[in-house]
Protein chains: 2
Amino acid sequence: MTEIMDVCEIQCINKENVMRVRENTLLAEEVLGLSEIFKALGDPTRVRILHALFQEELCVCDLVEVLGMTQSAVSHQLSSLRKLRLVKHRKAGKMVFYSLDDDHILNLFAQGLAHIRHQRLS
Amino acid sequence: MTEIMDVCEIQCINKENVMRVRENTLLAEEVLGLSEIFKALGDPTRVRILHALFQEELCVCDLVEVLGMTQSAVSHQLSSLRKLRLVKHRKAGKMVFYSLDDDHILNLFAQGLAHIRHQRLS
DNA sequence: AGAACATATGAACAGACGTTCATATGTGAG
DNA sequence: CTCACATATGAACGTCTGTTCATATGTTCT
């Protein structure tokens with residue numbers, strides 16, 4: 001007669017590995033912060049906006065022209081980027097000029113491009 | 001009498017700016033590639049998985065233990081990371097060991113952390 | 001004041017995404 | 001072969017996200 005085993009959990013755990021990794025975890029705050037930035041860069045429209053602003057300060061209507069998208073769509077995305085402090089804005093009469101708020105983004109882009117180009121080779 | 005104007009488009013465009021930016025656009029392919037990688041890093045679970053693997057090769061059940069999540073959830077995420085070639089796997093009997101497929105990711109993480117730490121100071 | 005323009009914003013909608021649940025696949029032990 | 005285990009995977013579900021549409025805000029000009 002075999003005993004009834006209603007406990008069926010994973011047993012292959014290497015405790016040493018787990019403990020070692022656990023000692024060096026990111027804070028929950030850091031994990032959220034990281035994923036938030038990357039999520040911000042994880043959309044084609046926002047990538048194009050940031051890349052355009054990377055070159056020079058632009059007003060909303062210039063961005064609309066460059067992207068070939070609705071003014072509303074662009075404005076909404078600029079709004080998210082603003083909330084994340086990735087871009088800053090400057091008012092000039094009716095117009096609003098946007099520019100990058102943080103040069104670190106530039107490095108992220110460079111690393112990202114390096115990654116996709118590295119991938120294409122392999 | 002004012003003429004009927006049913007054309008109501010944006011007219012504030014600075015053509016020089018637009019043309020200059022247009023000369024230096026990313027290829028559609030590059031835009032998609034970039035946003036795809038960043039999107040992959042734009043989720044807390046995947047950030048934690050990659051950060052764990054950054055330290056050492058781990059099997060699925062170790063990851064389940066470290067993350068405190070369902071085996072299914074972890075497996076699904078590993079599947080996406082594999083499709084994006086961010087992780088690679090090695091079979092050993094019943095178990096499957098995952099590790100980072102690309103060290104560029106490491107640099108992206110470092111830049112990302114620099115960004116969020118820079119923000120906290122300002 | 002009113003008209004024209006530049007931008008912002010709320011609501012709505014479709015599509016993408018992450019988790020869960022149930023179940024399938026594949027491997028080693030007995 | 002059968003069982004237990006490690007992992008993978010499809011379907012379903014609720015939630016998030018990006019765009020569109022309509023409209024609001026704020027500015028300049030007359």
Side-chain angles (χ1 to χ4, degrees), chain A residues 1-14 17-18 31-32 35-36 38-49 58-65 67-84 87-98, chain B residues 1-14 17-18 31-32 35-36 38-49 58-65 67-84 87-98:
Chain A
M1 287 274 271
T2 56
E3 288 248 313
I4 294 171
M5 300 284 285
D6 55 358
V7 214
C8 180
E9 302 181 21
I10 291 178
Q11 290 160 342
C12 66
I13 298 169
N14 179 327
N17 287 354
V18 172
V31 170
L32 286 179
S35 56
E36 215 172 42
F38 288 129
K39 195 181 295 176
L41 303 179
D43 172 77
T45 300
R46 287 191 294 271
V47 164
R48 296 211 294 150
I49 290 177
L58 291 170
C59 73
V60 177
C61 61
D62 281 353
L63 279 169
V64 167
E65 180 73 9
L67 301 184
M69 297 182 62
T70 308
Q71 178 268 321
S72 181
V74 174
S75 244
H76 276 300
Q77 294 294 12
L78 286 171
S79 169
S80 347
L81 292 173
R82 221 171 37 207
K83 277 173 195 153
L84 290 164
V87 301
K88 59 189 169 192
H89 64 301
R90 169 177 76 81
K91 290 195 169 186
K94 289 186 284 192
M95 295 156 72
V96 179
F97 287 88
Y98 281 84
Chain B
M1 288 276 271
T2 55
E3 287 248 313
I4 295 172
M5 299 284 284
D6 56 357
V7 213
C8 182
E9 300 181 22
I10 291 176
Q11 289 161 344
C12 66
I13 299 168
N14 179 326
N17 287 355
V18 172
V31 170
L32 286 179
S35 57
E36 214 172 42
F38 288 130
K39 194 181 295 177
L41 303 178
D43 172 77
T45 300
R46 287 191 294 269
V47 164
R48 297 211 292 152
I49 289 178
L58 292 171
C59 73
V60 177
C61 61
D62 281 353
L63 279 169
V64 167
E65 179 73 8
L67 301 184
M69 295 181 63
T70 307
Q71 177 267 323
S72 181
V74 174
S75 243
H76 277 298
Q77 295 294 12
L78 286 171
S79 170
S80 348
L81 292 173
R82 220 171 39 206
K83 279 172 195 154
L84 291 164
V87 301
K88 59 189 172 193
H89 64 298
R90 170 176 75 80
K91 290 196 168 188
K94 289 187 282 191
M95 294 156 73
V96 179
F97 286 88
Y98 281 84

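Letters go in sequence order (proteins before strands), and every chain restarts at 1.
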B:L63 CG - D:dA6 P separation (whole Å): 14 Å

Interatomic distance where CD1 belongs to B:I49 and C1' belongs to C:dT19 [whole Å]: 13 Å

Residue pair B:C59 / B:V96, side-chain heavy-atom distance below 4.5 Å: no

Close side-chain approach of A:E36 to A:L84, heavy-atom, < 4.5 Å: yes

Side-chain heavy-atom pair A:L41, B:S35 within 4.5 angstrom cut-off: no

B:M69 side chain near B:T45 side chain, heavy-atom distance below 4.5 Å: yes

Short side-chain N/O contact to D:dG18 OP1/OP2 from A:R46, under 4.0 Å: yes

Nearest listed nucleotide, side chain of B:S75, among D:dA8, C:dG10, C:dT7: D:dA8

Atom pair distance, as rounded to whole Å: CD1 in A:I13 and C1' in D:dA6: 12 Å

Distance-minimising heavy-atom pair for B:C12 and A:D62: O-OD1, 4.3 Å

Spacing between B:L67 atom CG and C:dG18 atom P, to the nearest angstrom: 14 Å

Sugar-phosphate, base or nothing in reach of B:F97, heavy atoms under 4.0 Å: nothing

Short side-chain N/O contact to C:dT20 OP1/OP2 from B:T70, under 4.0 Å: yes

Atom-pair distance (CG on B:L78; C1' on C:dT19), nearest Å: 14 Å

Nucleotide C:dT7, atom P - distance to CG of A:L81 in whole Å: 16 Å

Any B:Y98 side-chain N or O less than 4.0 Å from OP1/OP2 of D:dA8: yes

Under-4.0 Å side-chain N/O to phosphate OP1/OP2 contact, B:R82 with D:dT9: yes

C:dT9 base / A:S72 side chain donor-acceptor hit below 3.5 Å: yes

Options C:dT9, C:dT7, D:dT7, nucleotide nearest the side-chain atoms of A:C12: D:dT7

d(CZ, A:R90; C1', C:dT7) in whole Å: 15 Å

Residues forming a ring pair (Phe, Tyr, Trp, His ring centres under 6.0 Å) with B:H89, sequence neighbours excluded: B:Y98

Distance-only donor-acceptor test (3.5 Å): side chain B:H89, base D:dT7: no

Contact letters for nucleotides 23-30 of chain C, in which S counts primed atoms plus P, OP1 and OP2 and B counts the base, heavy atoms under 4.0 Å: ----BS--

Side-chain heavy atoms of A:V64 within contact of A:T70, under 4.5 Å: no

Nearest-nucleotide comparison on DNA chain D, the residue closer to the 5′ end among A:D43 and B:V96: B:V96

N/O (side chain, A:Q77) to phosphate O (OP1/OP2, D:dT17) under 4.0 Å: no

Nucleotide nearest B:H76 (side chain, heavy atoms from C-beta), chosen from D:dT9, D:dT20, C:dA6: D:dT9

Whole-Å gap separating P (D:dG18) and CE (A:M69): 10 Å

Of the listed nucleotides D:dT19, C:dT19, C:dT7, the one nearest the side chain of A:T45: D:dT19

4.5 Å side-chain heavy-atom contact, B:V18 and B:N14: no

